[in-house]
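Input: a single structure, listed below in structure tokens.
Just so it is clear, the structure is predicted and the values come from calculations on it, not from any experiment. Below, read A as the first sequence line, B as the second, and so on, with proteins coming before strands; counting in each chain starts at 1.
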Amino acid sequence: MPRKNLAAELEEVGIEIDGEVSDSDDSGTRKRANRRPAAKRGGAKGRGRGADEDEDDEDEEEDEAPRGRRKKKPTKKRRDASDDEDDSEDETPKKKRGGAANKKKGGKAQDSDEEDRKDKGKDKDDDKDMKKKKKKKKDESSSDSSSHSDDEEEESLSEGEMARLKEEVEEKKKLIANIRNKPWRMKRRLMHLKEAQTFVDKFEGALGKGKGRKWYAYKVMMTKKWIKFQRDFENFRTACIPWESRIKEVESHFGSSVASYFIFLRWMYGMNLVLFGFTFGLVVIPEVLMGLPYGSVPRKTVPRAEQPTAQDYSVLMDFQGYCKYSVMFYGYYNDQRTIGLLKFRLPLSYLMVGIGTFGYSLMVVIRTMAKNADVGGGDGDEGEFTFSWKMFTSWDYLIGNAETADNKYASITTSFKESIVDEQENQKDENIHLRRFLRVLANFLIICSLGGSGYLIYFVVKRSQEFATRDDLSWYEKNEVEIIMSLLGLLCPPLFETIAELEDYHPRIALKWQLGRIFALFLGNLYTFLFALFDEVNTKLEQEQAIKNSSIWAMKEYYANYSRLVNDSEATPPPMDPADVIRGPCWETAVGIEFVKLTVSDIQVTYLTILIGDFARAVIVRFLNYCWCWDLEAGFPSYGEFDISGNVLGLVFNQGMIWMGAFYAPGLVGINVLRLLSSMYYQCWAVMATNVPHERVFKASKSNNFYMGLLLLILFLSLLPVVYTIMTLPPSFDCGPFSGKAKMFDVIMETIDLDLPAFMGTIFSYAANPGLIIPAVLLMVLAIYYLNSVSEAYQNSNMELKKKMQMARDEEKNRRNNTDSTNQVMKDLEDLLPNRSLIPLAPPPEPEKIPEPQAKPTKTKPGSAGKGVNLEKDVALASTNPNTRGPVSRPPGPRGPGSMAGPGGGQGRGRGRGPPLR
Amino acid sequence: MGNKQTIFTDEQLDAYQDCTFFTRKEILRLHGRYHELAPHLVPMDYTNDPDCKLPLALIVNMPELKENPFRNRIVEAFSEDGAGNLSFNEFVDMFSVLSEMAPRELKAIYAFKIYDFNVDNYLCKEDLEKTLNKLTKEELTPEEVELVCEKTIEEADLDGDNKLSFTDFENMISRAPDFLSTFHIRI
């Protein structure tokens with residue numbers, strides 16, 4: 001602690017002390033008077049107890065404490081006698097320190113309550129001592145003479161004392177760090193904290209010598225500053241998490257299950273924000289700032305044939321026209337190796353960002369999953385504690401809304417009823433054949449509908465390719481694919497839910513099935529869509545070859561015509577207008593457009609569903625209810641529930657499309673960020689305004705990782721097609737950053753060849769040698785195998801350890817039953833028992849407390865104000881110690897025998913514990 | 001708070017931060033909430049530890065606790081006199097234990113106290129029945145209540161004394177997957 005602060009603080013302290021000192025005379029004497037007999041008693045007991053063999057360790061502690069007190073007494077007396085004299089300075093600290101050390105020895109067992117309570121008075125005195133001493137020290141440091149005595153005092157410390165002191169300081173520090181985890185009353189906590197802090201403050205500085213001391217003080221100060229900084233930083237960080245209050249609001253109304261969706265959404269938003277940063281920072285912005293402007297080259301210009309309609313709303317909404325030839329899509333990017341003054345390698349950056357997107361997403365998803373698994377920890381043996389868990393953990397303390405609370409009551413009741421029924425019918429389960437048949441039937445039906453929907457999509461996509469060649473299309477025909485897919489996503493989940501009722505699974509299992517099926521539907525749709533897309537790409541690739549030839553031919557024709565018209569073979573012809581150049585189909589942009597269209601229509605459908613399905617429904621139910629023949633709110637339509645599983649799956653599916661489409665449409669990431677952002681506000685509003693809380697409660701803790709698993713799966717699945725196209729398909733010849741290359745990844749080769757020194761090229765060529773790659777792959781497989789077996793071994797040993805712990809716990813339990821040993825937690829618990837004597841002025845007897853009238857007299861009888869608990873403990877011990885047998889059958893400790901044992905008996909027999917104070 | 005009026009000294013705030021799981025701002029907010037409950041009773045200036053307690057009836061009406069079936073028990077468990085009169089220290093203590101950051105062991109101790117209706121440091125059948133009735137708003141039939149209580153004791157009671165001691169309770173609650181997520185209140 002820096003001197004200045006100390007001084008400032010001490011001035012306050014000094015005032016405080018003066019106040020205290022005045023009354024400390026009478027109270028102090030009273031206390032001492034009390035303590036003396038107590039010490040005597042303790043000592044006597046110690047001697048008498050020598051014969052007893054059962055509690056040796058306690059004896060030691062007991063003896064230690066009185067000794068400490070005895071030692072302290074003279075010191076204190078002297079202080080009282082000569083309060084302002086400084087000549088006793090040289091020896092008092094030593095003794096005081098000794099006293100403190102002694103107390104600390106008790107402090108080692110200081111978790112022990114009894115000890116603390118006994119020490120309480122002493123602690124207070126100690127505190128005072130310390131403060132006084134500090135004050136004196138300060139006085140000294142201001143005067144010249146005292147510095148001398150200070151040094152003397154330093155030297156008077158022996159090495160052993162130093163070490164012990166250091167240890168104590170460490171202990172106190174540990175206490176300070178952990179004090180918030182102690183199940184104590186706040187008052188006690190604050191007291192201990194203060195005491196420990198004063199102790200640390202006081203002695204920490206004393207530990208170093210001479211120069212070291214200053215350094216030490218400096219270090220301590222810095223540590224404190226560092227801790228404070230950390231705390232502030234932590235505060236700042238929690239303040240930075242967005243939407244915390246919004247989610248809290250939803251959580252308090254709808255429970256943690258609905259909030260889990262919003263937390264997932266927020267997580268997703270964070271991840272997409274990073275992807276957005278990459279894509280825009282490294283690809284889009286450089287292209288906009290440094291690349292060629294619009295209209296300079298054919299790929300950046302709307303073709304002449306499309307120009308009249310290029311600005312029509314309907315065309316733009318289809319992402320044709322100006323949209324298609326914008327920075328949003330792959331085709332716009334030029335194949336210049338470097339752009340701008342900075343020589344930014346755009347094609348390389350484009351490829352790297354495309355791959356980095358996947359790399360980053362994989363890393364984040366896996367890390368989050370691992371973290372979640374960590375939190376989950378032991379996956380708990382289900383079924384062992386069904387009822388207990390339901391009883392003690394089913395109420396969600398977060399609920400602060402009457403409606404939610406009512407629902408929770410209902411759901412708890414039903415879940416109890418379910419468990420009761422499960423319990424009763426566990427053995428019966430007669431109609432197993434019928435149930436099996438129904439389950440098989442349900443699965444068959446669902447597979448049929450899955451297959452059907454898959455085929456429908458394939459059919460529609462095929463048809464859309466046919467439509468693509470025609471011009472006279474209606475609005476429906478143009479958007480058929482999106483409409484069908486959205487419709488399927490809308491209709492199939494309820495259908496599955498209906499079919500799933502046949503199966504009669506437990507709701508939780510049914511939910512997982514439901515999630516899996518909807519996921520399969522989405523996945524099937526996505527993949528059918530992809531295959532159809534690949535067909536399209538292949539046809540485009542075929543077309544491209546022909547167009548490439550004709551384009552070259554047209555170019556030659558143009559030059560030939562020009563030279564023939566001008567009749568001047570030397571004159572260089574002006575370049576052809578970029579709008580007139582014949583273009584290839586540019587399949588990459590076409591793929592990008594498909595994904596963007598799909599995403600946008602998905603957004604529209606989702607938002608419209610909320611608007612119509614939830615909002616309009618809520619409005620109708622709410623206001624038509626006044627003039628309707630049945631109760632709309634309680635009856636048929638009622639209000640909508642928030643569909644967590646559907647929403648989460650929608651989010652996951654959408655993310656898959658983003659991952660797939662981002663490479664061909666860099667703008668898609670931006671659209672997605674906007675979508676997530678608006679969705680956060682929109683859905684929060686919708687949920688608060690139109691939905692009612694769930695009836696079936698959805699476990700939030702576990703399903704979160706289930707969602708992550710789905711996300712990982714879809715990430716992997718969307719990785720495949722993108723990597724396939726990058727590695728195998730040739731890029732279009734006249735659009736995109738890779739045009740003119742045989743394969744997209746040739747950019748990397750080019751960079752290695754041209755920009756890196758030659759030896760790097762050779763190194764890479766060696767590294768790419770199959771002779772090296774195959775062993776590397778083998779090595780990785782081996783490593784995976786090894787890690788896998790190691791983790792299995794750990795799991796096994798984990799299980800073994802768990803078993804051992806259980807056994808040890810049981811054993812401990814038995815021993816505890818027999819010996820009533822000093823269990824720390826039990827003591828704390830007893831300390832937390834209410835202190836009746838603190839009730840202000842005879843409270844009206846409450847019905848709950850009537851059943852135990854015997855307990856009360858025991859607590860209050862001995863007139864030990866505030867120490868009822870202490871006595872109670874004594875009584876319990878007194879009653880239980882004699883009979884070490886049959887602890888199980890004995891009545892609850894404090895009650896039965898308590899009333900019989902009078903105050904005298906309680907004190908007399910309460911060996912091992914100090915007598916009650918005062 | 002510097003510009004307005006000091007509620008706590010810096011040392012007090014630091015001490016509170018050390019003793020609870022709250023940040024400085026949250027402690028001030030807690031004081032605000034506490035003050036709000038009875039503006040004429042609770043002083044704005046806490047620098048010299050005024051002795052002031054609020055009765056159970058006031059605290060139980062906070063929106064965070066209003067819907068909780070165990071609200072009376074929670075407040076009683078944290079009050080030193082057992083009747084539900086909370087000083088500010090105890091008030092902070094209560095929300096600290098119920099905060100998200102508090103460790104499982106600490107929460108378990110207080111959960112045990114909350115469910116221990118007759119304050120005898122054991123959860124006996126009587127306690128369980130009360131708990132269950134509060135949880136379900138007494139919608140289960142007596143036979144069902146009986147069955148559930150029996151099953152609960154059968155599951156969790158390891159030493160066979162037909163009631164749950166704290167060790168039994170802790171053993172059971174330490175494996176409960178939802179305990180941490182449900183046993184907390186945000187303020």
Rounded to the nearest 0.5 Å, how far does [atom2] of [Y] lie from [atom1] of [X]?
{"X": "B/Phe183", "Y": "A/Asp396", "atom1": "CZ", "atom2": "CG", "value": "12.0 Å"}
{"X": "A/Arg189", "Y": "B/Asn89", "atom1": "CZ", "atom2": "CG", "value": "9.5 Å"}
{"X": "B/Thr20", "Y": "A/Leu190", "atom1": "OG1", "atom2": "CG", "value": "9.0 Å"}
{"X": "A/Ser394", "Y": "B/Asp178", "atom1": "OG", "atom2": "CG", "value": "9.0 Å"}
{"X": "A/Tyr397", "Y": "B/Glu64", "atom1": "OH", "atom2": "CD", "value": "14.5 Å"}

Using a 4.5 angstrom heavy-atom cutoff, name the option from B/Ile185, B/Val97, B/Ile114, B/Asn68 with the most pairs to chain A.
B/Asn68
Chain B contact via A/Gln197 - side chain, backbone, both or neither, heavy atoms under 4.5 Å:
side chain
Chain B heavy atoms under 4.5 Å from A/Leu193: which part of the residue, side chain, backbone, both or neither?
side chain
So does B/Arg24 pair up with A/Asp232, basic N to acidic O under 4.0 Å?
no
Should the ring pair A/Phe392 and B/Phe169 be called parallel, tilted or perpendicular, given that the plane angle runs from 0 to 90° and is split at 30 and 60?
perpendicular
Which region of [X], side chain (C-beta onward) or backbone (N, CA, C, O), has a non-hydrogen atom less than 4.5 Å from a non-hydrogen atom of chain A, or is it both or neither?
{"X": "B/Leu65", "answer": "neither"}
{"X": "B/Ile153", "answer": "neither"}
{"X": "B/Gln12", "answer": "neither"}

Between [X] and [Y], what is the shortest heavy-atom contact and its length?
{"X": "B/Thr182", "Y": "A/Trp395", "answer": "CB-O, 3.4 Å"}
{"X": "A/Ala405", "Y": "B/Glu67", "answer": "CB-OE1, 3.6 Å"}
{"X": "B/Thr152", "Y": "A/Met391", "answer": "OG1-CE, 3.6 Å"}
{"X": "A/Trp389", "Y": "B/Arg175", "answer": "CZ2-O, 3.2 Å"}
{"X": "B/Glu155", "Y": "A/Ser388", "answer": "OE1-OG, 2.7 Å"}
{"X": "B/Lys151", "Y": "A/Phe387", "answer": "CB-CD1, 3.5 Å"}

